[in-house]
Amino acid sequence: MPEIPVAELAEGIRALRRASVLVVGDAMLDRYVYGSVRRISPEAPVPVLAVEREVAMPGGAGNVVRNLTALGAAVAFVSVVGDDQAGSDLTGLIGGQPNVEPWLLVQGGRATTTKTRFIANGQHMLRADHEVLQAIHPRLAERMIKIAGDAVAATAVVVLSDYGKGVLDGATAHLLIEAAHAAGRRVVVDPKGRDYARYAGADLITPNRAELSVATSMPVDTEADILAAMRALKAAHGFGAVLVTRSEDGMTLLEGDVVHHFPAEAEEVHDVSGAGDTVVSTLSAAMAAGLPLPVAARLANIAAGIVVGKVGTAVVREEELAEALTPERGALRKVMSRAAAAEQVERWRRRGWRIGFTNGCFDLLHPGHVHLLEQARSWCDRLVVGLNSDASVKRLKGPSRPIQSEAARAAVLASLATADCVTVFDEDTPVELIKLLKPDVLVKGADYTVAQVVGGDIVQDYGGEVRLAQLLPGNSTTATVARMKG
C-alpha cells in the first residue's frame, strides 16, 4: 500500500469540520465516581471508597457524537432514553454538545443504560450497570425511523452505532440502511452480535477482530485467517467495505478486492474504552467530507492511537490529529488548547497528583517570573500556566503591549521545567479557566492578598488553597521595559 502523503492527510483533517453526520444508535450515560480507599468496611471485607468527585458524560452512540463534534463535524443524533433521571441527565449532556441536533425519544418505564465506574487512586474497583436489554417499543421504533429518514437529507453519512441495547433491534437497522441509500447516502455500521444480515448492504462495517470471528464462525489467528474472514463477511452480506480493528496490530481495510493495512499508532496505551467510537467517528466524518476511504481509515487509525493514550471515555480533537502528523518535540508539546489542557489535568488528577495553577501575561520573562514559577511548582505535582492572549494583554496593558506574541510567550514558558502545561485564555481574567480546571492550589505573587486573587474564592469554596509567592524586588515587566528604553 503506497504511503499517503502528509500534506493530503493534513488537508483531510481540515476538511473534517465540513462534515455532517447522522448518528442512530444506543445512547448511554457513563458515570465515573472517583475517590480514595483508606480502610476496609467493618460490615464486610470490602474497601470503603471515600468519594471525592463524580463525572458524567455521554457513552455508547453518545460518545460517537462527542467524538464527531470534537472534530468539528455537525451531527444529527437519533436515539431512545428512559423516563428516568439518567435519561434526563443524558439529554442535557447531549444537548450541551456543540453543533448537535438531538432527537432523543423517551420510552416510559424503560431504564436508560448507565455504566457507573468506581475508581480509587487511579484504579478501577467496580463497574455497576443499569440497563434493559430489550428492543424499544415498536411504535417508538417507527417514529425513530421516520425522524432519521427525514434527517438523512441534511447529512452526508449515516452511522449506526449498535451496542445491543435494543435501539437497532429487529428490522430497524435494515430499514435505516434502505432509507439512507434511497437518499444517496452512505452507511457506516459499528456492529454488535452474530446476525450481520441485519446490516446487509452497508457501505462500511467496522468489527473488531473478536467480533469478526463471532460473525463468521471463522478463525482470526493469522493475517491470512483475518483476510479470509473479512472476504467471507463482505460477500455474505453485500458490504461495500470491511474495516477490522486489531488492537496492537492496527487496522485492516478491505475495499473491493484491495487490502490496506495500517500499523498501530499508539506510543502508550492507558485505556481502550471508547476507542471504537473514535474510529467510527473519524471514519464517518472523513467520508462525509468526501475523503477517499483509505485516507479516512488512515486518519481513524491515527485518532485511535491518540485516544488509547488517554484515560476513560475520551475524544480526539482536530488539533491533536494535526499534531500527530508532525508531532512537536520537547517543550512545545506542553502548549495546549483549553480543552486539551482540561483533559491533561484530568489524567494527572486520576493519578492522584496535586494540580497547581498560576497565570499572567509573561510578556518579557524575567527572574521574577522564574522565581514565582519555581515556588508554584514546589507546591504541586503538576503546574498549569494560564497565559493571557494578545487581545487580552492589549485590553489590560494598552495598545503598545504585548511586546511578544502569545505564541512566542507560550513557547518560552513551555521551555521551563517548572511549567507542565501552558494554555492561552482570551478573557481579561482566568476565572473561566479556573472553573474548568479546578486546581488544588492557585498561586499568585505576594503583591496581592489572598482576598484579592482572582478566582481565589472559587478555589477555596471547593476545598483548594490559595498561596502567595515571594517576589524578587525590582523584577517586573514594567521595570524591565523601562530599563531597556533607558
> Return the minimal non-hydrogen interatomic distance between P439 and Y462, and the atom names on each side.
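Taking every non-hydrogen atom into account, O-OH, 2.6 Å.
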> Check A15 against L291 and note the closest heavy-atom contact, atom names and distance.
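Result for this residue pair: CB-CD2, 4.5 Å.
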> First locate atom OG of S161, then atom CZ of F77, and finally report the distance between them rounded to the nearest 0.5 Å.
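It is 7.5 Å, given to the nearest 0.5 Å.
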> What are the two closest heavy atoms between A151 and L22, and how far apart are they?
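Heavy atoms only, the tightest pair is CB-CD1, 4.1 Å.
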> Has the side chain of E320 got a donor or acceptor atom that lies under 3.5 Å from a matching backbone atom of R317?
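Here the side-chain-to-backbone pair exists.
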> Flag this pair as yes if the NZ/CZ of R298 is under 6.0 angstrom from the six-membered ring centre of F262 and inside a 45 degree cone about the axis; otherwise no.
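Ring-cation test returns no.
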> Please say which of R347, K334, R333, R377 ends up in a salt bridge (charged side-chain N to carboxylate O under 4.0 Å, His left out) with D420.
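Considering R347, K334, R333, R377, a salt bridge (charged side-chain N to carboxylate O under 4.0 Å, His left out) with D420 is found only for R377.
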> Kindly give the heavy-atom pair with the smallest separation between D440 and W353, and that separation in Å.
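Closest pair (atom of D440, atom of W353, distance): OD2-O, 4.1 Å.
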> With a 4.5 Å heavy-atom cut-off, do M336 and E343 have their side chains touching?
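No, every pair of side-chain atoms sits at 4.5 Å or beyond.
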> How far apart are the C-alpha atoms of N208 and V244, what are their side-chain angles, what is the distance that settles it, and do they pass the side-chain contact (heavy atoms from CB on, under 4.5 Å) test?
CA-CA 5 Å; N208 60 36; V244 174; 5.7 Å; no
> Looking at every heavy atom in both A180 and V187, which two are closest together, and how far apart are they?
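What the structure gives for the nearest pair is CB-CG2, 3.4 Å.
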> Between R185 and T155, is there a donor-acceptor pair closer than 3.5 Å when you use the side chain of the first and the backbone of the second?
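Side chain of R185 to backbone of T155: a pair is present.
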> Checking R186 now: which residues fulfil salt bridge (Lys or Arg N to Asp or Glu O under 4.0 Å) with it, not counting sequence neighbours?
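With sequence neighbours excluded, R186 shows a salt bridge (Lys or Arg N to Asp or Glu O under 4.0 Å) to no residue whatsoever.
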> Main chain of V64, side chain of D277: is a donor-acceptor contact present, judged purely on distance under 3.5 Å?
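Not a single qualifying donor-acceptor pair exists.
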> List the atom pairs, donor and acceptor, that lie under 3.5 Å between side-chain atoms in residues 133-149 and the rest of the protein, sequence neighbours left out.
unit_1 : atom_1 : unit_2 : atom_2 : d
H137   : ND1    : R139   : N      : 3.1
K146   : NZ     : D150   : OD2    : 2.8

> Which atom pair, heavy atoms only, marks the closest approach of A285 to A19?
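Of all heavy-atom pairs spanning A285 and A19, the closest is O-CB, 3.3 Å.
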> Answer yes or no: is there a donor N or O on one side and an acceptor on the other, between the side chain of D30 and the main chain of A56, under 3.5 Å?
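Judged by distance alone, no pair lies under 3.5 Å.
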> Which distance, rounded to the nearest 0.5 Å, do you find between the CZ of R382 and the CZ of R349?
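Taking CZ in R382 and CZ in R349, the distance rounds to 13.5 Å.
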> Taking C-beta and beyond as the side chain, do L321 and V316 meet within less than 4.5 Å on heavy atoms?
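Counting from C-beta outward, L321 and V316 do come under 4.5 Å.
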> NZ of K165 to CZ of R110: how many Å apart, nearest 0.5 Å?
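If I round to the nearest 0.5 Å, the distance is 10.5 Å.
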> Could you state the interatomic distance from OG (S36) to CD (E52), rounded to the nearest 0.5 Å?
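The CD atom of E52 is 4.0 Å from OG of S36, to the nearest 0.5 Å.
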> Counting heavy atoms not belonging to R53, are there more than 12 under 6.0 Å from its CZ?
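Counting other residues, nucleotides and ligands, CZ of R53 exceeds 12 neighbours.
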> Does L29 reach the side chain of T113, with side-chain heavy atoms less than 4.5 Å apart?
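They are not in side-chain contact.
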> Write out all pairs satisfying side-chain hydrogen bond (donor to acceptor under 3.5 Å, both in side chains) with one or both partners inside residues 5-18, taking only residues at least two apart or from two chains.
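As it turns out, the side-chain hydrogen bond (donor to acceptor under 3.5 Å, both in side chains) pairs with a partner in residues 5-18, which skip direct neighbours, are E11-R14, R17-E318.
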> Run the salt-bridge test on D162 and R198 with the 4.0 Å N-O cut-off and return the result as yes or no.
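Yes, this pair counts.
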> Classify the side-chain pair T116/R127 by whether it contains a donor and acceptor separated by less than 3.5 Å.
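Judged by distance alone, the side chains do not pair up.
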> Going by the rule side-chain hydrogen bond (donor to acceptor under 3.5 Å, both in side chains), which residues pair with T245 if we only count those two or more places apart in sequence or in a different chain?
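T245: no side-chain hydrogen bond (donor to acceptor under 3.5 Å, both in side chains) contacts found.
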> Find out whether V23 and L68 are in side-chain contact, i.e. whether some heavy atom of one side chain is under 4.5 Å from a heavy atom of the other.
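Contact flag for V23/L68 side chains = yes.
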> Is there side-chain contact between D203 and V188, with heavy atoms separated by less than 4.5 Å?
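No, too far: nothing below the 4.5 Å cut-off.
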> Between T216 (side chain) and A229 (backbone), is there a donor-acceptor pair under 3.5 Å?
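Judged by distance alone, no pair lies under 3.5 Å.
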> Measuring from L254:CG to L243:CG, what's the distance to the nearest 0.5 Å?
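Rounded to the nearest 0.5 Å, the CG-CG separation comes out at 10.0 Å.
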> Assess, by modelled atom type and distance only, whether the side chains of T278 and N67 contain a donor and an acceptor separated by less than 3.5 Å.
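Yes, side-chain donor-acceptor contact under 3.5 Å.
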> Checking the side chain of T423 only, and the main-chain atoms of G386 only, is there a donor and an acceptor separated by less than 3.5 Å?
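No.
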> Would you say M125 and V37 make side-chain contact, with heavy atoms under 4.5 Å?
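Yes, close enough: below the 4.5 Å cut-off.
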> Can you give me every donor-acceptor pair (side chain of residues 231-240, partner residue at least two apart or in another chain, under 3.5 Å) with its distance?
none

> When you compare the side chain of L93 with that of R66, does any pair of heavy atoms fall below 4.5 Å?
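The answer is no, as the side chains (C-beta and beyond) never meet within the 4.5 Å cut-off.
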> Please confirm whether the backbone N or O of Y163 pairs with a side-chain atom of D26, one donor and one acceptor, at under 3.5 Å?
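Flag set: sc D26 to bb Y163 pair under 3.5 Å.
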> Between T69 and P98, is there a donor-acceptor pair closer than 3.5 Å when you use the side chain of the first and the backbone of the second?
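Not at all, since once roles are kept as given, no pair shorter than 3.5 Å links the two residues.
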> Just do the side-chain contact (heavy atoms from CB on, under 4.5 Å) check on V459 and D461 with the steps written out, would you?
CA-CA 5 Å; V459 173; D461 281 347; over 6 Å; no
> Salt bridge between D249 and R209, side-chain N to carboxylate O under 4.0 Å?
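Salt bridge present between D249 and R209.
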> Can you find a heavy atom in the side chain of I40 that is under 4.5 Å from one in the side chain of V48?
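Side-chain contact under 4.5 Å: no.
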> Quick test of your reading: applying salt bridge (charged side-chain N to carboxylate O under 4.0 Å, His left out), list the pairs with at least one residue in residues 87-103, sequence neighbours left out, ordered by first then second residue.
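Found R31-D89.
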> After noting the C-alpha distance and the side-chain angles of V315 and V307, does the key distance pass the side-chain contact (heavy atoms from CB on, under 4.5 Å) rule?
CA-CA 6 Å; V315 299; V307 82; 6.0 Å; no
> Could you give me the CA-CA distance, side-chain angles and deciding distance for R338 and F425, then say whether side-chain contact (heavy atoms from CB on, under 4.5 Å) is met?
CA-CA 8 Å; R338 181 176 302 206; F425 62 94; 3.4 Å; yes
> Atom CG of L204 and atom CG of D190: how far apart are they, to the nearest 0.5 Å?
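That separation rounds to 10.0 Å.
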> Just by distance, do the side chain of T114 and the backbone of T112 share a donor-acceptor pair under 3.5 Å?
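Answer holds: yes.
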